[in-house]
Each structure stands twice: as structure tokens, then as C-alpha cells.
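The sequence lines fix the lettering, A, B, ..., with proteins before strands; numbering per chain opens at 1.
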Amino acid sequence: MYNTNPYESNYGNRTSYAEVIKLQKELAKKVISRDCFDSSIRSICGVDVSYKNNIAYCSAVIIDKENFKIIEMVSSESKIKNPYIPSLFILRESEPILQTLKLLTKSFQILLVDGHGVLHPRRCGLACYVGISTNLHTIGVAKSLLCGNVQSNNFVNHDGETLGYALKSTNNLKKAAYISVGHKISLPTSIELVKMITKTNQFVPEPLRVADKLSKEQNSK
DNA sequence: GCGACAG
DNA sequence: ATCTTGTCGC
């Protein structure tokens, strides 16, 4: 239907922004916000993109949940095809991400995506799109808010729903990692896993922190 | 109409 | 995200 080839991103051949918005609304209904694991979680992957001139440099890093050791790192580069538009982030980053994930040879159980999941105006951020496209369990982790309000208990509400959680930095009280469901996982489990894979005095989970660093190394060569 | 707005 | 000097804080 919208995607016959999991790791190929084409937005179901949508061409206009209005059509991509319509796709997001359709996909939002397919997001599964409960845990459905068929195996225990041993490793977690993070994927991030950086830019230089007209090239997107994307890196994915798989890290062992227990000892934080790097299991595998891959990178790829591709031409930027679309502009960055708030709430339509999938236009710019989904293709580089899907292409890079194809390069991984080791397995992992959870994917961390550098952007929001259901904490999105149409409940369909980048992490949801990637999750549905690949059928992977995904969690959205963003460094700033696109919508919603942080409550005193750190949960983030939007449109009368609790859609996310602000994992505040120990050091910078201003900074936080905004966690939300991407696909096939619950919010409580998402929070638990992100906390578990985040080092002390850091607010970005290790797989994303290393992927971010690696992608920036790639674009400076 | 105006402002806000993941990376 | 990226471009960028000095500057604030641990």
C-alpha cells in the first residue's frame, strides 16, 4: 500500500506536502503503542544524520545494553533531496536513515531515532515513519520540543494526551531528551530503556550520542 | 492573520 | 542541522 518495500522510502509516491500530511494521518493509525517483543533486549541501535553542503551523512551504531560496548557502526552519505520543514522531517531524513540501516549486519532489538515519535502534531513523527517502514521497534528521542507542554512530573501533554516524557539533563537544567513512542513499544518501556542506555551526566542516550559523533566525523572529511 | 516550529 | 567569538560554569 503506502510502502511495499520496507527499507525503501518513497512516501507511497506522494509528491505534494498535502499528500505527505495525509500519509502521516494514515500512518498514525497504524502506530502500535504497546510492547510486543518476541525476544529479550540485548542491544540498542541509534541512528543520526548530519549535513555538509548538499550531502547528508548518516551513521547507525549498535550498542550492548549491558556493558555499553559498540557492537557495530556503519555510515552512508546521500544527496539531500528535500528541505527541512518542521513536522515534515521525514522528507529530509527518512531516506538516509533507511539506506543506512540496510548496511547493518548485526541484530538489535530497539532503534532510537533522532526526532519525535507520536509527540507530533499528527501523531506521526520520524520515529513512527521509520518504525512502520521497517517494522522495527522504534523510540523517538528529540533534543527540543515540536509541540506539547512539559508537566511538573516531566510527562509531556499535547491535545489533552500524554504523548511524551522529558528526560532532563543532570547538568543543564534547560536541556532534555524528549522521549516518545515510535512503534511497537509503550511509553513507560521507552522511558525505561532510554534511561538505561544513557550514561551518567548525559542526556542523550549512548547509541544516539555515538551516532551523532560518527556522522559529524564523516562530514568533516 | 500571527507566531511557533524535531534537524 | 550549520555558521561562529567570546564567555559562563563545573
What is the distance, to the nearest angstrom, from the [atom1] atom on [X] to the [atom2] atom on [N]?
X        : N     : atom1 : atom2 : value
A:Ile21  : B:dA6 : CD1   : P     : 15 Å
A:Lys175 : B:dA6 : NZ    : P     : 16 Å
A:Tyr84  : B:dA4 : OH    : P     : 15 Å
A:Asn82  : B:dG7 : CG    : C1'   : 14 Å
A:Lys143 : B:dG7 : NZ    : P     : 5 Å
A:Asn53  : C:dC3 : CG    : P     : 9 Å
A:Asn219 : C:dA1 : CG    : P     : 11 Å
A:Leu146 : B:dG7 : CG    : P     : 9 Å

Checking A:Asn135 against A:Lys184 for the side chain to side chain contact (heavy atoms under 4.5 Å, CB included) test, could you report, in this order, the C-alpha distance in whole Å, the side-chain angles of both residues, the deciding distance, and whether it holds? CA-CA 8 Å; A:Asn135 205 32; A:Lys184 298 204 298 181; 3.4 Å; yes

Can you confirm whether the side chains of A:Asp64 and A:Ser43 place a donor and an acceptor under 3.5 Å from each other?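 There is no such pair (donor and acceptor under 3.5 Å, judged by atom type) between the side chains of A:Asp64 and A:Ser43.
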
Checking side-chain polar atoms at under 3.5 Å, does A:Ser50 have a donor or acceptor matched by the opposite partner on A:Gln218?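 A:Gln218 and A:Ser50 do not have a side-chain donor-acceptor pair below 3.5 Å.
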
Contact class for [X] (heavy atom, under 4.0 Å): base, sugar-phosphate, or nothing?
X        : value
A:Leu88  : base
A:Phe89  : base
A:Leu145 : sugar-phosphate

Should A:Ile55 and A:Ile80 be regarded as members of a common hydrophobic cluster, given that ILVMFWY residues are connected when their side-chain heavy atoms come within less than 4.5 Å of each other, either directly or indirectly?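 No, because A:Ile55 and A:Ile80 fall into different hydrophobic clusters, even though each may have its own neighbours under 4.5 Å.
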
Counting side-chain heavy atoms from CB outward, which of B:dA6, C:dT2, B:dG7 is closest to A:Lys216?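 The answer is C:dT2.
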
Nearest to the side chain of A:Glu93, heavy atoms from C-beta on, is which of B:dA6, B:dG7, C:dA1?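 Nearest listed nucleotide: B:dG7.
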
Phosphate oxygens OP1/OP2 of B:dG7: is one of them under 4.0 Å from a side-chain N or O of A:Ser144?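 Yes, within the criterion.
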
How close do A:Ala127 and A:Gly117 get, heavy atom to heavy atom, and via which atoms?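 Taking A:Ala127 first and A:Gly117 second, the nearest heavy atoms are CB-CA, 3.9 Å.
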
